[in-house]
Visitor: 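Okay, here's the structure, questions in a sec.
Letters A, B, ... are given to chains in the order of the sequence lines, protein chains preceding strands, and every chain is numbered from 1. For the numbers below, each heavy atom of this structure counts, side chains included, while hydrogens, waters and symmetry mates do not.
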Amino acid sequence: DNHVHSSFIYRRLRNHERREIQREILSILGLPHRPKPFSPAKQASSAPLFMLDLYNAMATEEAEEDALLEDTGKAISMNSLGNSRKSQHSAPYGYSRAPVAWTSQSPPLATSHDANFLNDADMVMSFVNLVERDRDFSHQRRHYKEFRFDLTQIPDGEAVTAAEFRIYKDHSHGRYENVTLKVSIYQVIKEYQNRDAETFLLDSKKIRASDGGWLVFDITATSNHWVLNPQQNMGLQLCVETMDGRSINMKSAGIIGRSGPQSKQPFLVAFFKASEVLLRSVR
Amino acid sequence: ATGGKRKNPTRNKGRSQPKTSQASRIGDQNISEQKQACKKHELYVSFRELGWQDWIIAPEGYAAFYCDGECSFPLNAHMNATNHAIVQTLVHLMFPDNVPKPCCAPTKLNAISVLYFDDSSNVILKKYRNMVVRSCGCH
């Protein structure tokens, strides 16, 4: 098989050939131009490690499918020998199927419904948190963190099938160690100059302050709303309270923000399905 | 029925051939047999070579493959020919000037995934279905 076909070009490409090939490959990738991502700091905050895990899971799935196809072929042909191997799918992507959203310290891939989202997804995007300065304290003396994500960059024809907001919480010790905390995520509906924003509760989780790991909030409906109404995208707010309603400082609750390591940055991830068959533009 | 009509190998080649090409060495052998039967060939697209490391996180490149080779009579088993290709071959034998031979094309395609940064440094994991040739055959 390593016969080199006589017409194969084995030499360094000339500049114009290189540009032509780049343009051709970009059009295969469905991209109008080559992206020029700026500021490595921003790159760090868009959860590349999480996405790399997803990529590896997806690549493993494709390799498994290949092997399966070959196995099936062999299995059929071996049938007459009477020992066809069962083509049984192992759990896709090798996820450990932790039944709850509160997961272990390993990269935040261990929720079972992620496996399903990834199965169906044509595309997954993790978004850069656009909030540069944390305002820890609201007008009404409430501790909170803000997050904003620009969902207008989504390629045409892609529909959100699921979206999650993920934030990491470290073990917090000290005076809250044995306390149960309630972490809540809100969608900002309206902002005011001199008073707290109007918000809408999306999801909340009860956790023990001494636990650590990823918190996963389902914000599919909100993401779809923002995609359809970008002007109404005013971001999210996250608050931590004790069970009797006292607002707690993020740091003492162990919530990791932008100042944490790259592998523990908060981020929004959305899963998409192509809502129409995308045809390459005819050149 | 197409009997005596031989294509002129040099005209057909149209490609720069190393002087000591196999065809000239073999002499009068039947040309179509010398030509490669339809099969899958390796073509590697290297994102690294294209200078795209700053925005493509993974993979470094992918084996794209392409299909090339002859679909001449007789279409035997390893040419992975469709039934239609067999009919096409027979009709070509009858009307060689009007009806083309079957062509060598992909019969199965695979998906690949690409992980990259967009202009705003968001990370995109995209699955491209039917992207890479898995097997070739005569159609």
Side-chain angles (χ1 to χ4, degrees), chain A residues 1-8 12-13 18 21-22 25-26 28-31 33-48 50-52 54-56 58-59 61-62 65-66 69 118 121-128 130 149-155 267-269 272 274, chain B residues 9 13-18 20-23 34-37 39-47 49-59 61-62 64-69 108-132 134-135:
Chain A
D1 263 1
N2 59 5
H3 167 72
V4 173
H5 193 276
S6 55
S7 65
F8 208 79
R12 187 152 291 285
L13 295 173
R18 183 192 180 91
I21 286 183
Q22 284 172 337
I25 303 291
L26 280 171
I28 287 176
L29 297 177
L31 296 172
H33 62 272
R34 61 156 289 164
K36 289 190 177 56
F38 47 84
S39 108
K42 278 203 181 299
Q43 287 179 8
S45 76
S46 56
F50 168 80
M51 295 297 280
L52 194 54
L54 283 190
Y55 167 83
N56 289 330
M58 213 179 241
E61 187 256 334
E62 280 152 12
E65 258 181 35
D66 277 355
L69 281 173
L118 200 56
D122 297 314
M123 188 179 79
V124 185
M125 265 181 96
S126 70
F127 294 85
V128 170
L130 299 178
F149 303 99
D150 176 6
L151 269 69
T152 58
Q153 309 289 318
I154 298 168
F267 61 93
L268 184 152
V269 62
F272 298 85
Chain B
K13 284 282 180 214
R15 300 168 186 144
S16 58
Q17 268 275 18
T20 56
S21 78
Q22 224 174 2
Q34 283 170 13
K35 290 221 177 79
Q36 289 243 301
K39 62 183 269 191
K40 183 171 84 169
H41 295 267
E42 177 95 15
L43 172 69
Y44 187 76
V45 174
S46 164
F47 294 141
E49 284 288 319
L50 293 169
W52 284 352
Q53 303 92 308
D54 61 322
W55 64 280
I56 289 193
I57 305 171
Y62 66 99
F65 303 109
Y66 66 96
C67 300
D68 191 15
K108 282 196 192 72
L109 293 162
N110 269 358
I112 69 164
S113 307
V114 179
L115 187 70
Y116 59 95
F117 286 111
D118 70 2
D119 280 318
S120 312
S121 295
N122 301 315
V123 176
I124 296 178
L125 168 60
K126 192 147 184 168
K127 179 186 271 192
Y128 296 92
R129 299 182 195 277
N130 300 327
M131 177 82 163
V132 172
R134 179 180 170 74
S135 58

Visitor: Got a second to check how far B:I124's CD1 is from A:L29's CG, nearest 0.5 Å?
Guide: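 B:I124 CD1 to A:L29 CG: 11.0 Å, rounded to 0.5 Å.
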Visitor: Measure distances from B:I57 to the heavy atoms of chain A and classify the residue's part below 4.5 Å as side chain, backbone, both or neither.
Guide: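 Side chain only.
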Visitor: Which residue in the set B:K127, B:R129, B:K126 passes salt bridge (Lys or Arg N to Asp or Glu O under 4.0 Å) when paired with A:D122?
Guide: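 Exactly one pass, corresponding to B:R129.
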Visitor: Of the non-hydrogen atoms in A:M51 and B:L115, which two are nearest, and what is the gap between them?
Guide: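 A:M51 and B:L115 have their closest heavy atoms at CB-CD1, 3.7 Å.
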Visitor: Just so I know, are the side chains of A:I25 and B:W52 near enough to count as touching, which here means a heavy-atom distance under 4.5 Å?
Guide: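 In contact.
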Visitor: Atom CD1 in A:I21, atom OG in B:S46: separation rounded to 0.5 Å?
Guide: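 It comes to 11.0 Å.
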Visitor: Between A:K36, A:H33, A:Q153, which is the residue that forms a side-chain hydrogen bond (donor to acceptor under 3.5 Å, both in side chains) with B:D119?
Guide: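 Of the listed options, the one satisfying the test is A:H33.
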Visitor: Locate the shortest heavy-atom distance separating B:S113 from A:M58; write the atom from each residue and the value.
Guide: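 That closest heavy-atom pairing would be OG-SD, 3.2 Å.
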Visitor: Rounded to the nearest 0.5 Å, how far apart are CZ of A:R34 and CZ of B:F47?
Guide: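 If we round to the nearest 0.5 Å, A:R34:CZ and B:F47:CZ are 12.5 Å apart.
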Visitor: For A:I28 and B:Y128, which heavy atoms make the closest approach, and how far apart are they?
Guide: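 In terms of heavy atoms, the two residues are closest at O-CE2, 3.9 Å.
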Visitor: Check whether any side-chain heavy atom of A:Y55 lies under 4.5 Å from a side-chain heavy atom of B:P59, and answer yes or no.
Guide: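 A side-chain contact under 4.5 Å exists here.
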Visitor: Would you mind checking which part of A:L26 comes under 4.5 Å of any heavy atom in chain B, side chain (CB onward), backbone (N, CA, C, O), both or neither?
Guide: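 Backbone plus side chain of A:L26, per the 4.5 Å heavy-atom cut-off to chain B.
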Visitor: Quick one: what part of A:L52 sits under 4.5 Å from any heavy atom of chain B, side chain, backbone, both or neither?
Guide: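 Contact with chain B: backbone and side chain both.
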Visitor: Could you tell me the separation between the CG atom of A:L130 and the CG atom of B:N122, rounded to the nearest 0.5 Å?
Guide: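 Taking CG in A:L130 and CG in B:N122, the distance rounds to 7.5 Å.
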